[in-house]
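This report refers to the structure that appears directly beneath it.
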Amino acid sequence: MDKTVTAYVLAIAVALALLLIAAIIASIIKYEPGANPKDPRKRKIWFWVLGILNPIVSFCIGFFTIYPGLRGARAKSGFLTSLGIGIAIAFVLYIILGFVLSKIFKNKKIGHWF
């Protein structure tokens, strides 16, 4: 497989994996009783923390696993460019899918992300 495609697939796979982890964490956080519960804020914080980790994890995996195996300055430069574009696309995908899931499940725990 072409290394540029690998960069895109890697970034999108990491985004989907972190979205799944955010959904799991949201379902693990228990509802708090009372007039001013703090559990929705915890779910929102975890969603955004994992969203910020998305580009960091994608870059680290790509840079430390695939990048060293590339030969030639042109291949390395092309891979880093593709990785950057893939990370940007994956971050936007994470936000859009998170928004869509929070609207679909607005009466569930995932609905507290936005």
Side-chain angles (χ1 to χ4, degrees):
M1 183 173 1
D2 187 21
K3 296 300 180 187
T4 58
V5 174
T6 304
Y8 297 133
V9 170
L10 168 73
I12 291 171
V14 169
L16 293 176
L18 288 176
L19 191 64
L20 178 65
I21 291 170
I24 291 170
I25 290 173
S27 66
I28 289 174
I29 296 174
K30 296 185 188 301
Y31 286 113
E32 293 181 9
N36 195 10
K38 296 183 181 175
D39 60 312
R41 185 171 16 153
K42 291 178 186 177
R43 290 185 193 94
K44 187 179 290 191
I45 288 172
W46 272 107
F47 174 79
W48 287 107
V49 165
L50 291 173
I52 291 168
L53 285 176
N54 178 10
I56 296 168
V57 170
S58 296
F59 181 78
C60 288
I61 291 173
F63 190 75
F64 293 116
T65 59
I66 300 170
Y67 184 77
L70 297 176
R71 294 186 181 164
R74 188 173 194 178
K76 289 184 176 190
S77 174
F79 176 74
L80 287 180
T81 302
S82 299
L83 186 61
I85 294 168
I87 287 171
I89 291 169
F91 182 72
V92 171
L93 180 71
Y94 179 88
I95 301 299
I96 290 172
L97 286 178
F99 182 76
V100 168
L101 286 174
S102 72
K103 294 305 174 191
I104 290 173
F105 300 108
K106 62 183 172 184
N107 294 326
K108 305 287 183 190
K109 293 181 177 181
I110 292 176
H112 296 144
W113 283 346
F114 285 91

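Note that the structure is a prediction, hence the values are computed from the model and not measured.
When all heavy atoms are compared, the tightest approach of Y94 to G51 is CE2-CA, 3.2 Å. The nearest pair of heavy atoms linking A11 to A90 is O-CB, 3.2 Å. The two residues Y67 and K76 have their closest heavy-atom pair at CE1-CB, 3.4 Å. W113 and G98 get closest at one heavy-atom pair: CE3-O, 3.5 Å.
Note on L16 and V5: separate hydrophobic clusters, where clusters join Ile, Leu, Val, Met, Phe, Trp and Tyr whose side-chain heavy atoms are under 4.5 Å apart, directly or indirectly. Hydrophobic clustering (side-chain heavy atoms under 4.5 Å, transitive across Ile, Leu, Val, Met, Phe, Trp, Tyr) keeps I28 apart from F47. I12 and I96 fall within a single hydrophobic cluster, where Ile, Leu, Val, Met, Phe, Trp and Tyr are joined by side-chain heavy atoms under 4.5 Å apart, directly or via other members. L70 and V9 sit in two unconnected hydrophobic clusters of ILVMFWY residues. Membership requires side-chain heavy atoms under 4.5 Å apart, directly or through other members. I95 is connected to V92 through a chain of hydrophobic side-chain contacts under 4.5 Å among Ile, Leu, Val, Met, Phe, Trp and Tyr, so both are in one cluster.
L101 is listed as a side-chain neighbour of L19, based on a closest heavy-atom distance under 4.5 Å.
Within the 3.5 Å criterion, the main-chain N or O of I61 finds a donor-acceptor partner in the side chain of T65. A side-chain donor-acceptor contact under 3.5 Å links S102 to the backbone of F99. Side-chain atoms of K109 come within 3.5 Å of backbone N or O of S27 as a donor-acceptor pair.
L80 CG to I85 CD1: the interatomic distance, rounded to the nearest 0.5 Å, is 11.0 Å. Y8 contributes atom OH, which lies 11.5 Å from atom CD1 of I87 (distance to the nearest 0.5 angstrom). For the atom pair L10 CG and F59 CZ, the distance stands at 11.5 Å (nearest 0.5 Å). Annotation: the span from F79 atom CZ to F63 atom CZ amounts to 9.5 Å, rounded to 0.5 Å. Between the CG atom in L18 and the CD1 atom in I25 there is a gap of 9.0 Å [rounded to 0.5 Å].
Of the residues listed (R43, K42, K44, K106), the one engaging H112 in a side chain to side chain donor-acceptor pair (under 3.5 Å) is R43, and it is the only one.
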- Query: Does the side chain to side chain contact (heavy atoms under 4.5 Å, CB included) test come out yes or no for N54 and L50, once each step is laid out?
  - Reply: CA-CA 6 Å; N54 178 10; L50 291 173; over 6 Å; no
- Check the pair I104, I110 against side chain to side chain contact (heavy atoms under 4.5 Å, CB included), reporting the backbone distance first and the verdict last. CA-CA 9 Å; I104 290 173; I110 292 176; over 6 Å; no
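In this pair, F114 and W48 present their aromatic rings perpendicular. The plane angle is above 60°, beyond the 30 to 60° band.
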